[in-house]
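Let me begin by presenting the structure, written as structure tokens, before commenting on it.
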Amino acid sequence: MSSTEYPFVPLEFSTYAEDEMLTRANEFYRDLSRRRSVRDYDDRAVPKEIVERAILTAGTAPSGAHKQPWTFVLVGDRDIKAKIREAAEIEEKENYTRRMPESWLKDLAPLGTDEHKPFLTTCPWLIVIFAQLWGRDEDGEKAKHYYVNESVGIATGMLLAALHRAGLATLTHTPSPMGFLHRILERPENERAYMLIALGYPKEGCTVPDLQRKSLEQIAVEV
Ligand code: IYR
């Protein structure tokens with residue numbers, strides 16, 4: 001379908017009384033404020049249907065010219081997860097021992113991260129998000145994509161929120177450079193690995209750093 005052929009249809013939209021809006025906004029904030037990056041996972045299975053529903057939610061994100069320039073690669077296969085872990089740990093070893101400057105290592109120290117990434121094989125599912133730098137039109141010709149980083153970033157945030165809401169723990173992971181994900185997952189030439197998301201149930205007794213989030217005054221200004 002060419003873009004001029006979208007029919008316009010009536011908007012489906014719900015409005016609420018102001019007190020209900022505030023309650024809804026509060027509830028969503030309270031729920032999302034409990035999301036934490038989890039690095040220790042149980043190997044308990046998670047039904048694929050739940051993860052697929054979260055991916056569908058991510059796919060409702062707005063995107064430049066509605067090109068939807070994303071591919072979510074769902075990895076549950078043990079062997080593929082093992083390959084990803086092996087390659088990621090090689091890159092991360094380089095990162096932690098050579099590539100990252102002292103200042104970066106110092107900033108990361110409170111999080112307790114290192115080059116070992118057991119969650120890549122423990123988690124029941126990994127989702128590798130690929131950004132499509134360009135697409136194909138109906139005739140198979142190269143077609144432009146717009147604001148790809150912004151679009152894929154929004155979809156990724158929505159995916160994290162959807163997985164959290166479903167009751168799953170998540171971790172954003174960027175084992176840079178991520179070219180190995182393209183190779184292992186045999187992605188086409190128009191795609192670049194954008195982010196890896198590990199998900200599942202937290203390991204029993206899992207702890208997280210006692211981080212504080214910035215206040216409204218620190219993150220927002222009214223002009
Ligand atoms: N990719 C590495 C390093 C790392 C970088 C940042 I910035 C973080 O917030 C966390 C980790 C790793 O995953 O260990």
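Just follow the structure's listing: the first ligand is 1, and inside any ligand the first atom is 1.
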Number the atoms of ligand 1 from 1 as they appear, then name those within less than 4.0 Å of a heavy atom of Lys117, with their elements. 12 (C), 13 (O), 14 (O)
Closest non-hydrogen atom pair, Ala88 against His173: CB-NE2, 4.5 Å
Within the 4.0 Å heavy-atom shell around Thr174, which atoms of ligand 1 are there? 1 (N)
Between Glu89 and Lys93, does at least one N-O distance fall below 4.0 Å, as a salt bridge requires? no
Tell me the protein heavy atom at minimum distance from atom 6 (C) of ligand 1, and give that distance in Å. Leu108 CD2, 3.5 Å
What is the closest protein heavy atom to atom 7 (I) of ligand 1, and at what distance does it sit? Trp104 NE1, 3.6 Å
List the closest protein heavy-atom neighbour of atom 3 (C) of ligand 1: residue, atom name, distance to the nearest 0.1 Å. Tyr96 OH, 3.4 Å
When you measure from atom 1 (N) of ligand 1 to every protein heavy atom, which one gives the shortest distance, and what is it? Glu92 OE2, 2.8 Å
Proximal ligand 1 atoms for His173, defined as those under 4.0 Å from one of its heavy atoms: 13 (O)
For a quick check under 3.5 Å, do Glu20 and Thr23 share a side-chain donor-acceptor pair by atom type? no
Check: Tyr16 and Arg24 side chains under 4.5 Å, non-hydrogen atoms: yes
Determine, for Tyr201 and Arg44, whether the Lys NZ or Arg CZ falls below 6.0 Å from the six-membered ring centre while staying within 45 degrees of the axis. yes
Nitrogen or oxygen atoms of Thr113 and ligand 1 under 3.5 Å apart: no
Backbone, side chain, both or neither: what part of Asp107 comes under 4.0 angstrom of ligand 1, heavy atoms only? neither
Pairwise side-chain contact, Leu196 with Thr174, heavy-atom cut-off 4.5 Å (strictly under): no
Measure from NZ or CZ of Arg192 to the centre of the six-membered ring of Phe130 and say whether it is under 6.0 Å with the direction within 45° of the ring axis. no
Please confirm whether Asn95 approaches ligand 1 to less than 4.0 Å, judged on its heavy atoms. no
